[in-house]
Amino acid sequence: MRTTVGIIGAGPAGLLLARLLHNAGIDSVVLESRDRAYVEQRQRAGILEQGTVDVLRAVGAGERMDREGLRHDGIELRYAKKRHRVDFPALTGGRSVTVYAQTEVCKDLIALQLKEGGPLLFEAEALAVEGADTDSPSVRFRHEGREELLECDYVVGCDGSWGVARKAIPAELTRVFERTYPFGWLGILADVPPSHDELVYARHDRGFALLSMRPPVSRHHPSKEVASLPIESFVSRLYLQVPEGTDAEEWGDQEIWDELERRFETEDGWRLERGPITQKSVTPMRSYVQEPMRYGRLFLAGDAAHIVPPTGAKGLNLAVGDVVTFARALTYQQETGSAELLDAYSETCLRRVWQAERFSYDMTTLLHRAPDATPFEDRLQLARLERIASSRAAETDLAEGYTGFPLD
Ligand code: RFL
Ligand code: PHB
């Protein structure tokens, strides 16, 4: 099999890249190790930056997002039983974010790709990238019990944090920057409308908690009008900081609700509505960057090159930034013959990646309680939160980071 761009992985990075290339008249083949149902149901991100929304619309994948996604103009910070709302448009000259789940972004992109894009092979596991430093790199993969070779002009590794693409870059040419956190997130989906109409990020002595939401997947609106679904029809997505290595089954449903209630408690009597928990899992927290993001004709994009802890809601948005940068660079190369933008790919992406790493680290350390936190550090956290609540400059910094760093 032969193609211009071999894409490994059908997460948001790989799927969007295939779409961008298709629209630019460049052919590609996507190899995905899992089956379609698995990829469409893997619960992950929920927040899209304005830039991500714009890109999805521009590639023709915005129709359902415009109907079902919910525009959010702020978040609430909660600490010491107090509430502080951060107003994004007021602080950033009109920017906001959209609540639309990664599962739905993937479903929309998969449907488009299968309808009018190049080949997208499920249950096709890439085994290795070969000849990355030559003019004709290839991907060895297994599909329907056979080993095959995908010959390409370029290979883009969009295969996430456990993929094979990054292994093709010689160790002596790479540098890894990494930090693990001594806690994770226990995430639940619950069949109850969210208790607040915006996300709530809570800092508590017992640990962090987050209130988020999802559109009601099982009750999709068939209608065509461009109007958001009412908040009452959404389900709750909630997270609790738990010790590293926690097994989700250790937590009973009642215990989860009791703990969420403690961490979200306010002095004004705000109430958390409970409902049946339909899904429960634990996510570890990690910051990771591998540099450079390119070796010869192999490019890394998304989680394959960098991971952020989810506190800043940046992972998917960074993946989008990477593939937009790659698609632009390749289009430029095909139109002008100049490899200038491809050569600058790693540097261009990493500038934005490190800003998102910094922001995600700041949000994580602002809101989580480390198991060995000292009373001094507790007071500092509260002082940082007070600063955001009382200084427009500090609050603007948070709002700019949350709504997203520009693509260029
Ligand atoms: P993905 O989504 O992991 O996709 C990689 C794909 O590659 C496949 N694959 C292979 N295919 C073929 N051959 C191989 N050898 C392969 N090895 C792997 C995998 O099966 C998979 O389909 O990476 P991508 O595309 O880079 O996308 C990154 C995002 O998924 C990730 O950054 C976000 O989910 C992070 N994240 C969030 N990001 C946001 O922007 N906003 C959020 O609100 C947000 N919340 C979150 C999150 C991540 C979370 N978890 C579970 C880590 C909340 C959570 C809880
Ligand atoms: C989510 O809705 O899953 C979500 C929202 C905000 C985050 C992380 C995850 O920071």
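Just follow the structure's listing: the first ligand is 1, and inside any ligand the first atom is 1.
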Peer 1: Within 45° of the axis and under 6.0 Å from the centre of the six-membered ring of W162, does NZ or CZ of R286 qualify?
Peer 2: yes

Peer 1: Any idea which of G46, A101, S212, G315 brings a heavy atom closest to atom 2 (O) of ligand 2?
Peer 2: S212

Peer 1: Tell me every residue that passes side-chain hydrogen bond (donor to acceptor under 3.5 Å, both in side chains) with S136, counting only those two or more places apart in sequence or in another chain.
Peer 2: none

Peer 1: Name the closest protein heavy atom to atom 54 (C) of ligand 1, giving the residue it belongs to and the distance to 0.1 Å.
Peer 2: P310 CB, 4.1 Å

Peer 1: Take every heavy atom of R214, measure it against each atom of ligand 2, and state whether any distance is under 4.0 Å.
Peer 2: yes

Peer 1: Would you check the N or O atoms of W185, main chain and side chain alike, for any that come under 3.5 Å of an N or O of ligand 2?
Peer 2: no

Peer 1: Tell me whether R78 forms a cation-pi arrangement with W270, defined as NZ or CZ under 6.0 Å from the six-membered ring centre and within 45 degrees of its axis.
Peer 2: yes

Peer 1: Under a 4.0 Å heavy-atom limit, does A304 contact ligand 1 with its side chain, its backbone, both, or neither?
Peer 2: neither

Peer 1: To which of A45, G312, G14 does the heavy atom nearest atom 36 (N) of ligand 1 belong?
Peer 2: A45

Peer 1: From the options V129, T283, L127, select the one whose nearest heavy atom is closest to atom 55 (C) of ligand 1.
Peer 2: T283

Peer 1: My understanding is that only one of V176, L350, V308, I307 makes a side chain to side chain contact (heavy atoms under 4.5 Å, CB included) with V289; could you say which?
Peer 2: L350

Peer 1: Got a list of side-chain donor-acceptor pairs under 3.5 Å for residues 149-160, not counting sequence neighbours?
Peer 2:
unit_1, atom_1, unit_2, atom_2, d
D153, OD1, R2, NH2, 2.6
D159, OD2, V164, N, 2.8
D159, OD2, A165, N, 2.9

Peer 1: Could you establish whether R44 and ligand 2 come within less than 4.0 Å of each other, counting only heavy atoms on the residue side?
Peer 2: yes

Peer 1: I want to confirm something. Looking only at heavy atoms, which of M285, E32, Q43 is nearest to atom 22 (O) of ligand 1?
Peer 2: E32

Peer 1: Can you check whether P310 has an N/O within less than 3.5 Å of an N/O in ligand 2?
Peer 2: yes

Peer 1: Can E395 and H84 be counted as having a side-chain donor-acceptor contact under 3.5 angstrom?
Peer 2: yes

Peer 1: Is there a side-chain contact between E147 and L127 (heavy atoms, below 4.5 Å)?
Peer 2: yes

